[in-house]
There are 2 protein chains.
Amino acid sequence: MSTLKSKILVVATDLFQTRGINSTGVDTIVAVAGTTKMTLYKYFVSKENLILEVLKKGHDDFQGWLTEQLNTSSKKPSEKLLKLFEFIEEWVTSPNFRGMGFIKASAEFPNEESPVHQLSSEQSREFRQYIGSLASDANIKDAEGLALQLSLLFEGAVQAEQMKRGSGAMKYAKKASKILIEGALAD
Amino acid sequence: MSTLKSKILVVATDLFQTRGINSTGVDTIVAVAGTTKMTLYKYFVSKENLILEVLKKGHDDFQGWLTEQLNTSSKKPSEKLLKLFEFIEEWVTSPNFRGMGFIKASAEFPNEESPVHQLSSEQSREFRQYIGSLASDANIKDAEGLALQLSLLFEGAVQAEQMKRGSGAMKYAKKASKILIEGALAD
DNA sequence: GATTATATATACAGAATTGTCTATTTTAGG
DNA sequence: CCTAAAATAGACAATTCTGTATATATAATC
């Protein structure tokens with residue numbers, strides 16, 4: 001991938017998160033990225049296309065990072081599950097955390113027919129499915145139910161942290177996840 | 001309050017939720033409300049002012065409704081707490097549910113200095129405090145902690161339902177809340 | 001060094017945005 | 001009925017938005 005394209009993606013990701021997607025014009029993006037609109041429209045056919053690529057990259061980066069952390073941390077499925085929120089906390093409390101792309105995007109594009117909304121919705125589902133596979137590997141009976149509960153905690157905590165940095169929400173989300181996971185393991 | 005002002009508030013609430021705040025122009029609002037811009041700007045000094053009033057009304061309506069439901073349903077604090085998510089589910093799954101104002105608003109106005117963001121943040125805090133007072137009345141030791149956990153579940157479930165109607169998230173949020181509340185009561 | 005792809009600079013069309021101004025019409029109250 | 005307030009109609013300024021066109025400059029490649 002061209003370094004300019006990559007630069008535009010990085011800058012757009014940051015601006016979308018800190019100023020909002022609809023409030024960020026392509027003029028601002030190219031100015032901060034140190035390039036021009038002609039170049040942006042060479043790599044992205046439209047602003048919507050740029051938004052979609054930003055979302056994809058953000059999600060892939062996060063999923064890739066999380067999967068690797070969990071895989072290297074433990075082999076035992078139930079332990080992976082219990083460590084899930086440890087890593088999520090690390091991610092959320094890191095200084096360069098700016099929020100979860102698909103959560104904000106779905107709020108800015110509420111129309112279910114919008115491609116941006118659809119991608120957000122799909123990413124949310126993918127994340128839940130990943131947790132579900134962890135729960136399934138740990139032989140939890142209602143793996144999908146637990147996955148949904150944990151993803152609610154996750155999305156709620158991210159939402160809380162987006163609303164107020166340093167809210168400490170993750171600490172309690174972690175505790176809650178432990179209670180829910182241990183309960184499900186005992187079933 | 002003038003019926004026209006009220007009508008504008010109702011229409012704006014709906015449009016903001018279904019199309020997004022920044023994507024909804026005042027022209028659209030007045031057209032749907034069947035009035036004119038002059039009238040809108042007579043009652044609201046600016047679009048931002050309208051957004052703030054929409055948020056206030058939405059929050060007051062919800063809080064008022066929830067408080068009344070809980071007060072008439074039960075006198076015992078611990079039972080109130082346990083019924084909390086029953087009513088929230090009722091609210092979320094009602095056909096005219098369009099999402100929680102402050103959740104979407106905080107996503108569209110991520111800048112912490114924005115008045116809209118600040119109001120959203122405050123409303124989120126108020127809601128959590130209300131749950132905290134219920135937990136406190138039920139003699140729960142770490143009432144604030146439980147309140148935070150329950151509000152995470154709440155915000156996560158609303159987020160999930162905003163992303164995909166009929167997700168069934170509330171059903172599992174309710175189960176999770178029961179586990180967390182009973183655990184906290186036993187402490 | 002000449003050629004070719006890549007990026008820049010800049011202007012601009014066309015639409016949409018918020019907010020205002022003036023003039024007219026409708027509605028209510030005495 | 002007549003007056004005063006409330007609402008409408010519609011144009012319009014000023015800005016901002018996405019996306020494009022054209023011409024110039026910078027790199028890299030043969």
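Counting atom types as modelled, A:Lys37 pairs a side-chain N or O with a base atom of D:dG19 as donor and acceptor under 3.5 Å.
Atom-to-atom, CD1 of B:Ile8 to C1' of D:dA7 comes out at 11 Å; the value is rounded to the nearest Å. Between B:Ile21 atom CD1 and C:dT17 atom P the separation is 15 Å, expressed in whole Å. What separates CG of B:Asp27 from P of C:dT18 is a distance of 7 Å, to the nearest Å. Note: CG (A:Asn22) to C1' (C:dT17) measures 13 Å, nearest angstrom. Atom pair B:Glu48:CD and C:dG19:P shows a separation of 9 Å (rounding to whole Å applied). As rounded to whole Å, 16 Å separates atom C1' of D:dT18 from atom CZ of A:Phe44. Computed from coordinates, the B:Ile29 CD1 to D:dT8 C1' distance equals 18 Å when rounded to whole Å. Atoms CG (A:Leu50) and P (D:dC17) sit 15 Å apart, rounded to a whole Å.
Where B:Gly34 and A:Met38 each meet DNA chain D at their nearest nucleotide, the meeting point lying more 5' is that of B:Gly34.
Within the structure, a side-chain polar atom (N or O) of B:Thr35 is placed less than 4.0 Å from OP1 or OP2 of D:dT8. Phosphate proximity of C:dT8 to A:Thr39: present, with a side-chain N or O under 4.0 Å from OP1 or OP2.
Looking at B:Gln17 and B:Lys104, their side chains do bring a donor and an acceptor atom within 3.5 Å of each other.
For A:Glu112 and B:Arg165, the salt-bridge test fails: no basic side-chain N is under 4.0 Å from an acidic carboxylate O.
The B:Lys42 side chain lies nearest to D:dA7 when the options are D:dA7, C:dT8, D:dT18. Looking at the side chain of A:Lys47, the nearest of the listed nucleotides D:dG19, C:dT8, C:dG19 is D:dG19. Closest to the side chain of B:Tyr41, from the set D:dA7, C:dT18, C:dT8, is C:dT18. Nearest nucleotide to the A:Ser46 side chain, out of C:dT20, D:dG19, C:dT8: D:dG19.
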*Apply ring-ring contact (aromatic ring centres under 6.0 Å, His included) to B:Phe154 and B:Phe127, showing your working.*
CA-CA 10 Å; B:Phe154 167 73; B:Phe127 177 68; 4.4 Å; yes
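Counting non-hydrogen atoms of neighbouring residues, nucleotides and ligands closer than 6.0 angstrom, the CD atom of B:Gln118 exceeds 12 such neighbours. Other residues, nucleotides and ligands contribute over 12 non-hydrogen atoms within 6.0 Å of the NZ atom of B:Lys5.
Within 4.0 Å (heavy atoms only), B:Tyr43 reaches sugar-phosphate atoms of the nucleic acid but no base atom.
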